[in-house]
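Beneath this line is the structure, given in structure tokens, with notes to follow.
FYI, side chains are in, hydrogens and waters are out, and symmetry mates aren't considered; it's all heavy atoms of this structure. Residue numbers run from 1 in the order of the sequence given.
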Amino acid sequence: MSFWDIIWFIIVSFAFVAYLMVMFNIIVDLFRDRSTSGGIKALWIFCLLFFPFITAIVYLITRGNGMAERHAAQFAEAKAAQDDYIRSVTPASSPADQISQAKALLDAGSINQAEFEALKAKALAS
């Protein structure tokens, strides 16, 4: 096996992995789109199986903008769900609660007066 055979193998492997990523993204996008009917989805999948390169190029040209919009919408939904979950498990504490916790730490000797003042300023700023 020569050096150029190895280089060619690397190039072909890269192209194959890129091809698989494009196909996977197209299939995921097809099933993410709720406005497309099942028959149209089946037609796209059929064409992807039997005419993969042409179908992929046509799909990316005709529905490429929609792919980005659907991906952004899914990301926004996931972020909103994550934010809601974080808010639900994080106890809400008022600045007064934060200051009283800092005062308890000061009284226990865990922090010094300068650290207490910093925590107090941070609580009042929020």
Side-chain angles (χ1 to χ4, degrees):
M1 193 170 223
S2 73
F3 172 76
W4 293 110
D5 289 337
I6 294 170
I7 296 297
W8 182 247
F9 177 75
I10 291 170
I11 292 170
V12 169
S13 298
F14 175 80
F16 182 69
V17 169
Y19 164 77
L20 289 177
M21 289 176 63
V22 168
M23 290 298 148
F24 180 72
N25 280 331
I26 289 173
I27 292 169
V28 167
D29 182 65
L30 267 173
F31 289 103
R32 181 184 295 153
D33 186 10
R34 295 179 184 170
S35 65
T36 304
S37 70
I40 298 298
K41 290 177 184 180
L43 181 64
W44 276 111
I45 294 295
F46 176 82
C47 290
L48 277 173
L49 290 174
F50 293 104
F51 311 106
F53 294 113
I54 294 172
T55 305
I57 291 170
V58 169
Y59 188 88
L60 293 174
I61 290 171
T62 59
R63 298 177 49 95
N65 289 336
M67 285 178 75
E69 292 167 2
R70 283 184 290 281
H71 182 71
Q74 183 188 22
F75 180 76
E77 277 181 31
K79 181 160 179 24
Q82 179 183 14
D83 291 344
D84 290 343
Y85 173 74
I86 291 171
R87 274 189 227 99
S88 72
V89 297
T90 305
S93 62
S94 67
D97 292 336
Q98 293 175 6
I99 293 171
S100 67
Q101 290 171 356
K103 179 67 173 156
L105 289 173
L106 177 65
D107 293 341
S110 300
I111 61 173
N112 60 28
Q113 186 65 34
E115 292 171 325
F116 171 72
E117 294 299 329
L119 289 172
K120 183 179 171 182
K122 182 179 175 186
L124 293 174
S126 61

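Residues Ala123 and Pro95 share a closest heavy-atom pair of O-CB, 3.4 Å. Listed here is the closest heavy atom pair of Met23 and Ala56: CE-CB, 3.4 Å.
Every residue meeting the salt bridge (Lys or Arg N to Asp or Glu O under 4.0 Å) condition with Asp84, not counting sequence neighbours, appears here in chain and number order: Arg87. Residues that satisfy the side chain to side chain contact (heavy atoms under 4.5 Å, CB included) test with Ile7, not counting sequence neighbours, are Phe3, Trp4, Ile11. Residues satisfying the ring pair (Phe, Tyr, Trp, His ring centres under 6.0 Å) test with Phe116, not counting sequence neighbours, are none. Applying the ring pair (Phe, Tyr, Trp, His ring centres under 6.0 Å) rule to Phe50 yields the partners Phe46; only residues at least two apart in sequence or on another chain are considered. Shown here are the side chain to side chain donor-acceptor pair (under 3.5 Å) partners of Glu117, two or more places apart in sequence or in another chain: Gln113. Remark: Asp5 pairs with Met1, Ser2 by the side chain to side chain contact (heavy atoms under 4.5 Å, CB included) rule, at least two apart or across chains.
For residues 16-30, the salt bridge (Lys or Arg N to Asp or Glu O under 4.0 Å) pairs, not counting sequence neighbours, are Asp29-Arg70. Sorted by first and then second residue, the pairs that involve residues 73-82 and meet salt bridge (Lys or Arg N to Asp or Glu O under 4.0 Å), not counting sequence neighbours, are Lys79-Asp83. Residue pairs that meet the salt bridge (Lys or Arg N to Asp or Glu O under 4.0 Å) test with at least one member in residues 45-67, sequence neighbours left out, are Asp33-Arg63. Applying the ring pair (Phe, Tyr, Trp, His ring centres under 6.0 Å) definition to pairs two or more places apart or across chains, those involving residues 8-38 are Tyr19-Phe53.
More than 12 heavy atoms of other shown residues, nucleotides or ligands fall within 6.0 angstrom of atom CD1 in Ile27. Residue Lys122 qualifies as open at atom NZ: its count of foreign heavy atoms under 6.0 Å is 12 or below.
Atom CG of Leu30 is separated from atom CG of Asn25 by 11.0 Å, given to the nearest 0.5 angstrom. For the atom pair OG1 (Thr36) and CH2 (Trp44), the distance works out to 9.5 Å, reported to the nearest 0.5 Å.
Taking Ile, Leu, Val, Met, Phe, Trp and Tyr as hydrophobic and joining them when side-chain heavy atoms fall under 4.5 Å apart, one finds Val17 in a cluster with Met21.
By the criterion of side-chain heavy atoms lying less than 4.5 angstrom apart, applied directly or through intervening Ile, Leu, Val, Met, Phe, Trp or Tyr residues, Phe51 is grouped together with Tyr59 in one hydrophobic cluster. Put simply, Ile40 and Ile54 are part of the same group of oily side chains (I, L, V, M, F, W, Y) that touch within less than 4.5 Å, one to the next. Residues Leu43 and Val58 do not share a hydrophobic cluster, defined by chaining ILVMFWY side chains whose heavy atoms lie under 4.5 Å apart.
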For this session: For the pair Leu119 and Ile99, evaluate side chain to side chain contact (heavy atoms under 4.5 Å, CB included) and give the outcome as yes or no after the intermediate values.
Result: CA-CA 7 Å; Leu119 289 172; Ile99 293 171; over 6 Å; no
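Residues Val22 and Leu60 are in side-chain contact: their nearest non-hydrogen atoms beyond the backbone lie under 4.5 Å apart. For the pair His71/Arg32, a side-chain contact is recorded, criterion being any heavy-atom separation below 4.5 Å from C-beta on. Under the 4.5 Å side-chain criterion, counting only non-hydrogen atoms from C-beta, Leu49 is not in contact with Thr55.
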Result block: side-chain N/O donor-acceptor pairs under 3.5 angstrom for residues 103-110, not counting sequence neighbours:
residue : atom : partner : partner atom : Å
Lys103  : NZ   : Asp107  : OD1          : 3.4

